[in-house]
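None of the values given here were measured: they were computed from a predicted structure.
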Amino acid sequence: MGNIAIDGPAGAGKSTIAKLVAKELGFVYVDTGAMYRAMALFMINNNVAPDDSDKISATCQDADITIRYENGEQVVFLNNENVNGKIRNEEVGKMASSSSANGDVRKKLVELQQKLAKSTDVVMDGRDIGTVVLPDATLKVYLTASSRVRAERRFKELTAKGVECNIDVIEKDIIDRDYRDMHRENSPLMQAEDAVLVDSSDMTIDEVARRIVNLYKEKI
């Protein structure tokens, strides 16, 4: 199977670019966040409390989560049920915030993501895809951009929605998050030794996607 792993800090455009690359190559884009939300829904359906870590650890073993494309739409399946319409509400989001911090949940979802990558061509993005989830990916990319450029992108995004914000505060938040991601105990953000560094600071989203597609084609 041809797999592409895209890692990098927050605000580098990983998800947007991963979706474009997947579409161009006809691969499945694996929305890992949606998989964590599906797991959270499973916890809610089984009446597991967000702070009951032992029960979360035990319950997660019974969840089977996968992603497929049907009629051009990404569909998330939880134990063979399409849960697209059930995983985007606030209750699921709050549970996902708690359950995703559980080591057994992370381990189970990594297993499910690896199983998916063995059965189909995938593009996956995150913080530890090339280092932990898909260490044997055909192509690994470490996608980054300067903290200022990432702050400018977020600033434009928020102001377009009418949200008042301060670009310096946004940049400080990004720098702080980078530090936390790089120094966390479980699967810290880092560039895999064999990953290609792509700095998107002076590139458009389309240019970055094209670069990654070309890198993949060179690999095969």
Side-chain angles (χ1 to χ4, degrees), residues 3 5-12 14-16 18-19 22 27-120 122-135 137 173 176-190:
N3 298 320
I6 302 176
D7 291 307
K14 297 187 298 294
S15 297
T16 305
K19 286 173 190 169
F27 285 16
V28 171
Y29 165 64
V30 179
D31 184 343
T32 54
M35 293 181 78
Y36 277 97
R37 280 178 169 269
M39 181 66 83
L41 177 65
F42 188 65
M43 296 298 159
I44 292 167
N45 291 346
N46 284 277
N47 301 309
V48 179
D51 58 353
D52 191 343
S53 59
D54 289 342
K55 197 166 182 189
I56 288 173
S57 292
T59 304
C60 73
Q61 304 306 323
D62 297 323
D64 183 45
I65 299 161
T66 192
I67 292 175
R68 295 199 293 272
Y69 274 82
E70 293 188 352
N71 303 317
E73 180 192 16
Q74 176 185 277
V75 181
V76 183
F77 288 91
L78 170 60
N79 292 343
N80 293 318
E81 179 195 353
N82 178 343
V83 292
N84 270 21
K86 300 179 179 180
I87 60 172
R88 297 297 175 187
N89 63 54
E90 198 173 338
E91 184 188 12
V92 169
K94 284 181 179 174
M95 175 58 90
S97 184
S98 300
S99 57
S100 64
N102 181 290
D104 291 307
V105 167
R106 297 188 74 86
K107 185 180 174 188
K108 175 68 175 178
L109 278 165
V110 166
E111 286 171 8
L112 291 170
Q113 287 154 9
Q114 289 172 335
K115 181 182 170 186
L116 188 55
K118 281 178 184 169
S119 62
T120 190
V122 302
V123 180
M124 216 178 284
D125 70 283
R127 305 281 191 280
D128 61 352
I129 307 301
T131 53
V132 175
V133 184
L134 301 178
D173 285 345
D176 289 346
R177 183 170 177 180
D178 286 352
Y179 182 86
R180 288 195 304 274
D181 285 346
M182 288 172 179
H183 292 82
R184 70 186 187 190
E185 191 176 343
N186 288 324
S187 304
L189 169 65
M190 66 174 75

Checking side-chain hydrogen bond (donor to acceptor under 3.5 Å, both in side chains) for the pair Ser57/Asn102: CA distance, chi angles, key distance, verdict?
-> CA-CA 7 Å; Ser57 292; Asn102 181 290; 3.1 Å; yes
All side chain to side chain donor-acceptor pair (under 3.5 Å) counterparts of Lys86, not counting sequence neighbours |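 For Lys86 the side chain to side chain donor-acceptor pair (under 3.5 Å) partners, ignoring immediate neighbours, are Glu81.
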[Y] and [X], any side-chain heavy atoms less than 4.5 Å apart:
X: Asn3; Y: Phe27; result: no
X: Met182; Y: Pro188; result: no
X: Ile65; Y: Val76; result: yes
X: Met190; Y: Asp7; result: no
X: Lys108; Y: Asp104; result: no
X: Asn79; Y: Phe42; result: yes
X: Thr32; Y: Leu109; result: no
X: Asp181; Y: Pro9; result: no

Hey, is the main chain of [Y] close enough, under 3.5 Å, to the side chain of [X] for a donor-acceptor pair?
X: Thr59; Y: Ile56; answer: no
X: Asn46; Y: Val48; answer: no
X: Asp128; Y: Thr131; answer: no

Verify whether one side chain among Ser15 and Asp125 offers a donor that lies under 3.5 Å from an acceptor in the other.
->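 Side chains of Ser15 and Asp125: pair found under 3.5 Å.
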Under the salt bridge (charged side-chain N to carboxylate O under 4.0 Å, His left out) test, which residues partner Glu90, sequence neighbours left out?
->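 With sequence neighbours excluded, Glu90 shows a salt bridge (charged side-chain N to carboxylate O under 4.0 Å, His left out) to Lys94, given in chain and number order.
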Look at atom [atom1] of [X] and say whether more than 12 heavy atoms of other residues, nucleotides or ligands are closer to it than 6.0 Å.
X: Glu91; atom1: CD; result: no
X: Tyr69; atom1: OH; result: yes
X: Asn80; atom1: CG; result: no

Looking at Leu41, Thr66, Asp64, which one forms a side-chain contact (heavy atoms from CB on, under 4.5 Å) with Leu78?
->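 Checked Leu41, Thr66, Asp64 against Leu78; only one passes side-chain contact (heavy atoms from CB on, under 4.5 Å): Leu41.
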With side-chain contact (heavy atoms from CB on, under 4.5 Å) as the test, would you mind laying out the steps for Phe77 and Asn82 before giving the verdict?
-> CA-CA 5 Å; Phe77 288 91; Asn82 178 343; 4.1 Å; yes
